[in-house]
Trainee: 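Provided herewith is a single structure, encoded as structure tokens, for subsequent inquiry.
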There are 4 protein chains.
Amino acid sequence: MAKPRSEEKRSAIMAAAVRVIAAQGLGAPTATIAQEAGVANGSLFTYFETKADLFNQLYLELKSELASVSLKGLPVTADLRKQMLHAWSRSMDWAVSNPGKRRALAQLGVSDEITPASREAGHKTMTGIAALLERSRAKGPMRQVPMGFIVAIMNAMGDATMDFMIHDPTHAKKHCKAGFDALWRMLA
Amino acid sequence: MAKPRSEEKRSAIMAAAVRVIAAQGLGAPTATIAQEAGVANGSLFTYFETKADLFNQLYLELKSELASVSLKGLPVTADLRKQMLHAWSRSMDWAVSNPGKRRALAQLGVSDEITPASREAGHKTMTGIAALLERSRAKGPMRQVPMGFIVAIMNAMGDATMDFMIHDPTHAKKHCKAGFDALWRMLA
Amino acid sequence: MAKPRSEEKRSAIMAAAVRVIAAQGLGAPTATIAQEAGVANGSLFTYFETKADLFNQLYLELKSELASVSLKGLPVTADLRKQMLHAWSRSMDWAVSNPGKRRALAQLGVSDEITPASREAGHKTMTGIAALLERSRAKGPMRQVPMGFIVAIMNAMGDATMDFMIHDPTHAKKHCKAGFDALWRMLA
Amino acid sequence: MAKPRSEEKRSAIMAAAVRVIAAQGLGAPTATIAQEAGVANGSLFTYFETKADLFNQLYLELKSELASVSLKGLPVTADLRKQMLHAWSRSMDWAVSNPGKRRALAQLGVSDEITPASREAGHKTMTGIAALLERSRAKGPMRQVPMGFIVAIMNAMGDATMDFMIHDPTHAKKHCKAGFDALWRMLA
DNA sequence: CATGAATGAGCGTTCATTCAT
DNA sequence: GATGAATGAACGCTCATTCAT
């Protein structure tokens, strides 16, 4: 009956938040985000209860976008290494094509506004990749190491690789490959 | 500008900052840091021009402490792998013994208050380790990769390993070893 | 301006306002009142132009409810004291049976949102009681005192008595009597 | 060593609060109070933790000022009625000479920002008057009524009388006397 | 007319930095 | 130099009111 809450506006805010966080960090005023999204500052709070809530939702959205993009078109019949490489490359491509999102995600990832629940949910979105990883290391030298540790290392290496690719885009491909090879040497 | 009177007070502030940042993050008020250091809030600004200045100096100090601790007692006559393992283990031990410092350093590392100049200077403190790293990878599969990338990966892996050791101290030794072995597999 | 469609909805809002004001004071959001009334927040403003308007109308309604209840069943043939006692007791009973209304009325009474016009109109609803009061004091020691003053005192004493009865309901009857006797001693 | 917290500034804020509350009610912005007091808006919070804290302290201060003023110069050797009359008149004079304070106190008295503890403390300041009251009613018709009730009635009558005196200052004296006589008739 | 999203002014409070003592 | 009160810009969030649906 009334003007419905528009998904469009919600994502405009999300997108604005990405841009603003990438540019100014998490300390950016909510008013700036609202303005960038083209809505009144008060409207932001129709869609997100608090600034922290916005951050948590954004974190999850980016995390799951990254996860889903990584697995898109996964060559499930190919050998493991090829599958992992596919996922890895997709992640890196996403980061390079979306440097703002990547920056925002990096900042959100270390923020203490992000609740344990959100981190947990973030992990869940990576289940598919974790499964690949699990199989990849199953017979390798890290077969005894806790999965959490392996995931952490993979994320850390991914982050480092992303940063490098974004910072030196000319050789992005090369860095991507180098990062993956290093990861694979560790695992298998 | 001139060296402040009391070096003692300066380091009290630094130490307080570590504790406070570890506990409350970078958003902690300067007044809290001053209080924790046992000085008046205004006094903080006779030792550091701005909050950002304090953060930059602290970043550098922690970074170089970590670097110097890593190389202390380096078995220079031993083979490369042993030297690297020594440096790695020292780093990890430092992190485990100084979780506050490690947390603070991690936060500072991702802050956008830290200037490029500070980051540059931070890298310089790691020259010794970088040299080790350079020799380690000289004949390995990463011999063509830019050193910056390798350093980044090593740092990333170090960070992941530290986190894991702190989080699960019972198996700290094991995680330390696993992290190093993984690193070595990548490099050599 | 024209009479709103649903008198039912109007009084639902009024009743909700009573409950909400009693619980949260005059600072309560209009949205809360609307919600409590089961209408949309915007709808409140089709029945009342502003929040202040709602308050003024509510004030009047409560005031006149109290006045009318006081005179209901007045034993017009009995002696004056009995009539006054009747009115007094009715008022007190109303307050005890409707503590929410009483609280709301008390808050509204001291609010500066209530216009002089509303206060004036509120007084008018008490004409019947004022007449009783006038006759009661006609030959007593307060025969020279301005009626407004007497009304004010009676109200003040009524308020104090109500508060006491609500606060200590076990002896409500006793307090009611004590209050009235005190009033009567003043007047007659 | 440093600029000490000035009692002068504290009372400037208090006094400003009285003026502003009298004029605009309790909803007045803290910034307005600060400005009226001639201090920066932030400074208000050096002296009072919160707006509510300011209100509570102000309530107590006014309450105790009123209590102390009432007993000043009490003719302790005179008969009870004279003593009561003295206290009553002093109160009324205070209200008439300080209409702002009286208004502010009236508003604060009904605010739900005022904590039970403050109300309790406020009552304590009236111990002296309560004692007078106790003796006054000891042999009168209200000898069985709870003191709390009597205090409440006296306050209510005092409030009504004050309002009337302020509203119609020409006959202030007369109203003061009428109010007292009425009170005395109730009690003794 | 009902709905509830949209608006934006406004508020209490914080805090880095300055400055009087 | 040391102190801590003073400053005032800034921010997150609220809420009365409007308006598109």
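Since this is a predicted model, take the numbers as computed values, not measurements. To find a chain, count down the sequence lines: A is the first, B the second, and so on, and within it residues start at 1.
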Trainee: Please give me the minimum heavy-atom distance between L62(B) and A104(B), naming the atom from each residue.
Mentor: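 The answer is CD1-CB, 4.1 Å.
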Trainee: Could you tell me the separation between the CZ atom of F48(C) and the CD1 atom of I13(C), rounded to the nearest 0.5 Å?
Mentor: 5.5 Å
Trainee: Which residues in residues 12-32 of chain D have a heavy atom closer than 4.0 Å to any atom of DNA chain F?
Mentor: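 Within this stretch, nothing sits under 4.0 Å of the strand.
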Trainee: With respect to the phosphate group of dA6(F), does any side-chain polar atom (N or O) of K9(D) fall under 4.0 Å of OP1 or OP2?
Mentor: yes
Trainee: To the nearest 0.5 Å, what is the distance between CG on D53(C) and OG on S118(C)?
Mentor: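 Here the rounded value is 8.5 Å.
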Trainee: Can you tell if the side chain of E113(D) reaches within under 4.5 Å of the side chain of Y59(D), non-hydrogen atoms only?
Mentor: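 They are not in side-chain contact.
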Trainee: What I'd like to find out is whether the side chain of K9(B) reaches to under 4.5 Å of the side chain of V39(B), using heavy atoms alone.
Mentor: yes
Trainee: When the nearest nucleotide of DNA chain E is assigned to T50(D) and to K51(B) on a heavy-atom basis, which residue is associated with the more 5' position?
Mentor: T50(D)
Trainee: Less than 3.5 Å apart, any donor N or O on the side chain of S43(D) or T46(D) sitting next to an acceptor on the other?
Mentor: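 Distance-only check fails for S43(D) and T46(D).
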Trainee: With a 4.5 Å limit on heavy-atom distance, are the side chains of N41(C) and Q35(C) in contact?
Mentor: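 Result no, sub-4.5 Å side-chain heavy-atom pair not found.
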Trainee: Less than 3.5 Å apart, any donor N or O on the side chain of R10(A) or Q57(A) sitting next to an acceptor on the other?
Mentor: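 A donor-acceptor contact under 3.5 Å links the two side chains.
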Trainee: Once you round to the nearest 0.5 Å, how far does CD1 of I166(C) lie from CZ of R102(C)?
Mentor: 6.0 Å
Trainee: For DNA chain E, what are the stems built from at least three Watson-Crick or G-U pairs in a row, each pair having both distances below 3.5 Å?
Mentor: E:2-21 with F:2-21
Trainee: Before giving the answer on side chain to side chain contact (heavy atoms under 4.5 Å, CB included), spell out for F45(A) and T30(A) the whole-Å C-alpha distance, their side-chain angles and the decisive distance to 0.1 Å.
Mentor: CA-CA 9 Å; F45(A) 297 93; T30(A) 53; 4.1 Å; yes
Trainee: Near DNA chain E, counting only heavy atoms under 4.0 Å, which residues of residues 38-48 of chain D show up?
Mentor: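 Contacting residues: G42(D), F45(D).
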